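For clarity, every value in this text was computed on a predicted model and none was experimentally measured. In what follows, chains are A, B, ... by sequence order, proteins preceding strands, each numbered from 1.
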Amino acid sequence: MEAMEIDPETNSKGKDEAKPIMVILMGAPGSGKSTFCDLVMRVSTRHWVRICQDTIGNGKAGTKNQCLAGAASALKEGKSVFIDRCNLDREQRADFVKLVGPEVEKHAVVLDLPAKVCISRSVKRTGHEGNLQGGKAAAVVNRMLQKKELPKLNEGYARITVCQDENNVQAAINTYTALGPSDKLPPGFFGQKNSDAKVQLGIMKFLKKKDPPGYSDTVTNVSPENIQSHATKKTDSNQVVESREEPKMTAAGSNISLENTPTLAFPSISTADFHFNLDKASDIIVEKVEEYVNKLGNARLVLVDLSQNSKILSLVKAKAAEKNIDSKKFFTFAGNITKLYSEGGLHCTAIANATNWRLKPGGGGVNAAIFSAAGPALETATKARIGSLSPGKAIVVPLPSSSPLFSREGVTHVIHVLGPNMNPQRPNHLNNDYVKGCQILREAYSSLFDGFASIARTQGEPSKDNFEKELKREAQPEQGSTNGDQKAKREAVCEADMNKKYKSFVKEPGPNVGSSGDGNSGEQTRKAWGSWAQALYDTAMHPERHKNIIEKSDDVVVLNDLYPKAQKHFLVLARVEGLDRLADVQKEHLTLLKTMHSVGLKWAEMFLSENNSLIFRLGYHSAPSMRQLHLHVISQDFDSKHLKNKKHWNSFNSPFFRDSVDVIDEVSQNGKATLKDENFLSMELRCHRCRSAHPNIPRLKAHISSCQASFPAFLLQNGRLVLLEGKDADH
DNA sequence: GTTCTAGAAC
DNA sequence: GTTCTAGAAC
C-alpha cells in the first residue's frame with residue numbers, strides 16, 4: 001500500500017467544523033447561473049442556499065438589498081450561499097464581498113460563455129415568439145456584457161473559476177458538488193484568463209501562440225515550468241495561480257481530443273508507505289524519465305505529489321534540471337492526483353496508481369484516493385484485466401466513461417503499478433536489500449512508462465500518413481451497401497475527422513513563418529490555389545482581358561469587387577508575378593505597398609466625393625482565397641446582398657483583416673506583415689461599431705443597418721478609417 | 001471566391 | 001414549416 005505525503009495546509013482531514021463559503025456567480029442572462037446552482041445543490045452534501053434576485057421578491061422583482069440580507073442570514077446560520085445574479089461589474093458584486101468578514105471565503109464563478117449562447121438561451125426562456133422578444137433579449141445580454149469586468153483576486157476572492165465553455169462549466173459544477181461541508185478548495189485563479197470573451201475557444205489556441213496587438217485579450221501563456229513554480233510556491237491567501245490552458249478538456253461521454261498532449265501523472269512509487277529511500281528513489285525516477293522522455297514523442301510525464309513542500313518533488317526537480325531534461329516533457333507538480341484538472345488545471349490523459357498487489361481499493365494514500373475518485377467502475381475494469389500484480393509490474397486499465405475521473409478530469413487510463421516494499425513494518429518487505437529494491441523500482445518505472453507509451457501512441461497526434469490514407473480513400477469508388485462497407489465508411493469518416501483536426505493543427509503557417517518566396521522548399525506546404533482562385537492573378541497579368549477595371553498602371557490594377565460586401569468595395573491588385581498574398585510580402589515590396597495604399601486612398605476619396613456618408617477601410621486578408629496580392633478598400637456600411645456568412649463578416653471585421661497602414665508599418669520595421677489565424681473567421685458575430693454580439697447573419701445585418709455607435713478606438717487611430725474631412729466617426 | 005444543399009436550429 | 005449554417009463541389 002502506498003501513501004502520499006500529507007500536507008497539513010491543504011489537507012482538510014481533521015478539521016471537521018463546517019466552513020460556510022459564499023460563491024458569487026457572474027454571468028449574463030442565459031449563461032446558466034441558476035442551472036449551475038441547481039445541479040450543485042441537488043447532489044452536494046454541503047448546505048447551500050441560493051440567493052436569487054429574480055425569486056427573492058416573492059413574485060415581485062427582487063432588490064439587491066434583499067439579496068444581501070438573505071445572504072447574511074444564511075451565512076450566519078452556517079449555510080453556504082450562491083449569489084445568483086448577474087454580478088457582471090465590480091461595483092455590483094463588491095457589496096457581497098464586503099458583506100462578511102474574512103472568516104467566510106468568497107469565491108467567484110464566472111460563466112463566461114459566448115454571447116451568442118446566452119442570447120439564444122434567454123430568447124428561448126422568454127417563451128415568446130417573434131423577433132421582438134428575441135431582439136430584446138439580445139439587447140439586454142449585449143448591454144450587460146458590455147459592462148462586464150472579470151473578477152480579480154484582489155477584489156477579495158479566495159478562488160476564481162472562469163468557465164468559457166460547457167466543459168469548463170461542468171468541471172466547475174463537479175468541483176463544487178464534491179465540496180463537502182468541511183472541505184476547502186485551493187485558492188487561486190482557475191480557467192482561461194481572457195479579459196473579455198470576444199474570442200471563442202478555438203481562437204484561444206492561436207492566442208496562446210501570439211497575442212494579437214489591437215485585440216488585447218490577454219492570455220497568459222503558462223509553460224510547465226511556470227505551472228510548477230506557481231504550484232510549488234508556498235501558498236498565501238493572495239497567491240495567483242495563473243490560468244493553465246487545457247481547453248480541450250472534454251466532458252463525460254465525449255472523446256478526448258487528439259490535440260491533447262498525452263500526459264502521464266505519476267506519484268513517486270514506494271517512497272511513502274513502502275519507505276523507499278528518497279534519495280535513491282529520486283535518482284531512479286530521473287534516470288528512468290531521462291530514458292523514456294525522448295521515446296515518448298510529444299507525450300509528457302509529470303511527477304505529482306500532494307504536498308507543496310514535498311521532499312521527493314524537490315529532489316527530482318533538482319536532479320532533472322541537472323540532467324537538462326526537457327521541462328516541457330517532464331516536470332513536477334504539487335496537487336491531488338485525482339483532481340489535477342479540476343483543481344490544478346493540468347490535464348493528464350493517464351494517471352499512475354501506486355497500488356497494492358491485490359489491486360484493491362482502500363488503504364489510504366494514492367491507491368485509496370484514486371479508487372475512490374474513479375468510482376466502482378475502476379475496480380470492475382481492473383478486475384476484468386488482472387487479478388493481482390507483482391512488484392515491478394504495471395497494468396494499464398482503460399477508464400470507463402462513467403467514471404468521474406474520466407468525465408471530470410479527462411483521465412482516460414489508470415496505470416496500476418506496484419513498487420518494492422522496504423517497510424519492515426509490512427509483510428513481505430525486502431529487508432533493506434536496496435540492490436533488489438532498486439532493481440524492482442527501476443522495473444516498476446519501466447513497466448509504467450511502457451504501459452503509458454502504448455496508450456500515448458494512440459492518443460497522440462495522427463501521423464502524416466493519414467494524408468496519404470485520405471488521398472487513397474478519395475480515389476476509391478464509394479459504393480456498396482453491405483454492413484462491412486458501412487463500417488468502413490464510418491471509419492473513413494472518423495479518419496477524415498482526424499485529418500481535419502490534424503490539418504487545422506499544423507496547416508496554419510502562423511505569423512511570419514518561413515521566408516517568403518521560398519516556393520516549394522518543403523517545410524510548410526501552403527494551400528494550393530484552386531482554379532477558381534486564379535481570376536485576380538489573370539486580371540493583374542492581363543488587365544486588357546477583363547472588364548470592371550477602373551484603373552490600370554504599371555504597378556497596380558484597380559477593379560470593383562465582383563461580389564462587393566458593401567456599397568463600395570474595390571480591390572487594388574499588385575502587378576508583380578509571384579506576389580500571391582500577404583505572406584509573400586517582404587521589405588522590397590514596401591514601395592509597392594505604399595503605392596497600393598495611396599491608389600486605394602485616392603479612389604476612396606473619389607467615391608467619398610460622390611457620397612460623403614461613406615467611411616472606408618483599407619486592408620488585406622491574412623489568408624486570402626484568391627491568388628495575387630490585393631488590397632481591399634471597403635465601405636463600412638457592409639450593406640450588400642453578397643455578404644452572406646460568418647466568414648464574409650469576420651474576414652473584414654476581425655483581426656484577420658490587416659489594416660493597410662499596419663501592414664506598411666510592420667513591413668518597414670520587420671520586413672514582413674503579421675498574419676492572423678483563420679480561426680478568427682469563425683468567431684462570433686459582433687457589430688464593428690458597438691461590438692454587440694448577434695446570433696446570426698440576418699440579425700447582425702439588421703443591427704448594422706441602424707447602428708450609429710462610434711467606432712472602436714482602435715479603428716479611429718492611425719488613419720485606419722477614411723472619411724470625409726470634418727466628418728466625425730466618433731459621434 | 002460562389003453555389004448548392006443537407007440538416008440543424010428555430 | 002421556415003430560416004440559417006456549414007461543408008462539399010466547383
Side-chain angles (χ1 to χ4, degrees), chain A residues 30 113-138 141 166 200 202 470-471 473-478 489 492-501 503-504 507 526-540 546 548 557 559-566 569-573 580-582 619-634 638 640-652 656-657 678-686 693-704:
Chain A
L113 298 169
K116 183 177 165 176
V117 172
C118 302
I119 292 169
S120 87
R121 282 193 200 145
S122 315
V123 171
K124 258 185 212 160
R125 194 160 47 189
T126 59
H128 296 291
E129 287 167 29
N131 285 342
L132 189 67
Q133 292 294 333
K136 261 188 196 162
V141 171
E166 288 303 336
Q200 288 174 325
E470 188 181 33
L471 287 173
R473 193 177 57 251
E474 272 174 8
Q476 281 164 3
E478 47 147 66
K489 262 189 205 166
V493 165
C494 186
E495 209 175 81
D497 281 351
M498 285 161 63
N499 276 302
K500 261 179 242 152
K501 276 181 188 158
K503 278 183 194 160
S504 67
K507 176 194 67 200
R526 281 174 173 166
K527 248 184 294 175
W529 300 110
S531 58
W532 44 263
Q534 305 289 345
L536 293 179
Y537 170 74
D538 203 59
T539 307
H546 297 265
N548 232 342
V557 171
L559 71 158
N560 283 310
D561 194 294
L562 190 56
Y563 299 95
K565 303 297 183 294
H569 181 190
F570 60 95
L571 308 175
V572 183
L573 279 180
D580 288 349
R581 56 192 128 199
L582 198 50
Y620 300 86
H621 285 160
S622 288
S625 300
M626 305 289 279
R627 178 181 176 191
Q628 197 63 16
L629 183 69
H630 54 282
L631 172 68
H632 287 271
V633 183
I634 185 164
F638 296 105
S640 163
K641 63 174 184 184
H642 297 294
L643 200 162
K644 291 175 176 168
N645 59 43
K646 209 175 220 186
K647 184 176 177 181
H648 290 155
W649 178 258
N650 284 328
S651 70
F652 292 102
F656 182 85
F657 186 82
E678 284 182 71
N679 287 333
F680 280 117
L681 296 175
S682 48
M683 69 185 259
E684 61 191 345
L685 297 166
R686 282 187 180 266
H694 299 270
N696 55 44
I697 289 287
R699 296 267 193 88
L700 173 75
K701 290 179 92 168
H703 167 83
I704 57 170

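For the pair A:K701 NZ and C:dC4 P, the interatomic distance rounds to 11 Å; values are reported in whole Å. Taking atom CG of residue A:N696 and atom P of nucleotide C:dT5, one finds them 5 Å apart after rounding to whole Å. We find that CD1 of A:I697 is positioned 23 Å from P of C:dT2, with the value rounded to whole Å. For the pair A:K565 NZ and B:dG1 P, the interatomic distance rounds to 7 Å; values are reported in whole Å. Here the P atom of nucleotide B:dG1 and the NE2 atom of A:H642 are 14 Å apart, to the nearest Å. Atom pair A:F652:CZ and B:dG1:C1' shows a separation of 11 Å (rounding to whole Å applied). Summarising the geometry, the separation between CZ on A:F570 and C1' on B:dG1 is reported as 19 Å, rounded to the nearest angstrom. The interatomic distance linking A:H694 (NE2) with B:dC10 (P) rounds to 16 Å, in whole Å.
Of the residues A:L573, A:L571, A:V572, the one that meets the side-chain contact (heavy atoms from CB on, under 4.5 Å) test with A:L631 is A:V572.
A side-chain donor-acceptor contact under 3.5 Å links A:E684 to the backbone of A:A115. Here the side chain of A:K565 pairs no donor or acceptor atom with the backbone of A:K644 at under 3.5 angstrom.
An OP1 or OP2 oxygen of B:dG1 is reached within less than 4.0 angstrom by no side-chain nitrogen or oxygen of A:H630. Distances shorter than 4.0 Å separate none of the side-chain N or O atoms of A:H648 from OP1 or OP2 on B:dG1. Neither OP1 nor OP2 of C:dT3 sits under 4.0 Å from any side-chain N or O of A:K644.
Heavy-atom minimum distance, A:L562 versus A:N548: CD1-ND2, 4.2 Å.
B:dG1 has no base stacking with the ring of A:Y563 when judged by centroids under 5.5 angstrom apart and an interplanar angle below 30°.
Across all strands, A:L562 comes closer than 4.0 Å to no nucleic acid atom at all (heavy-atom distances).
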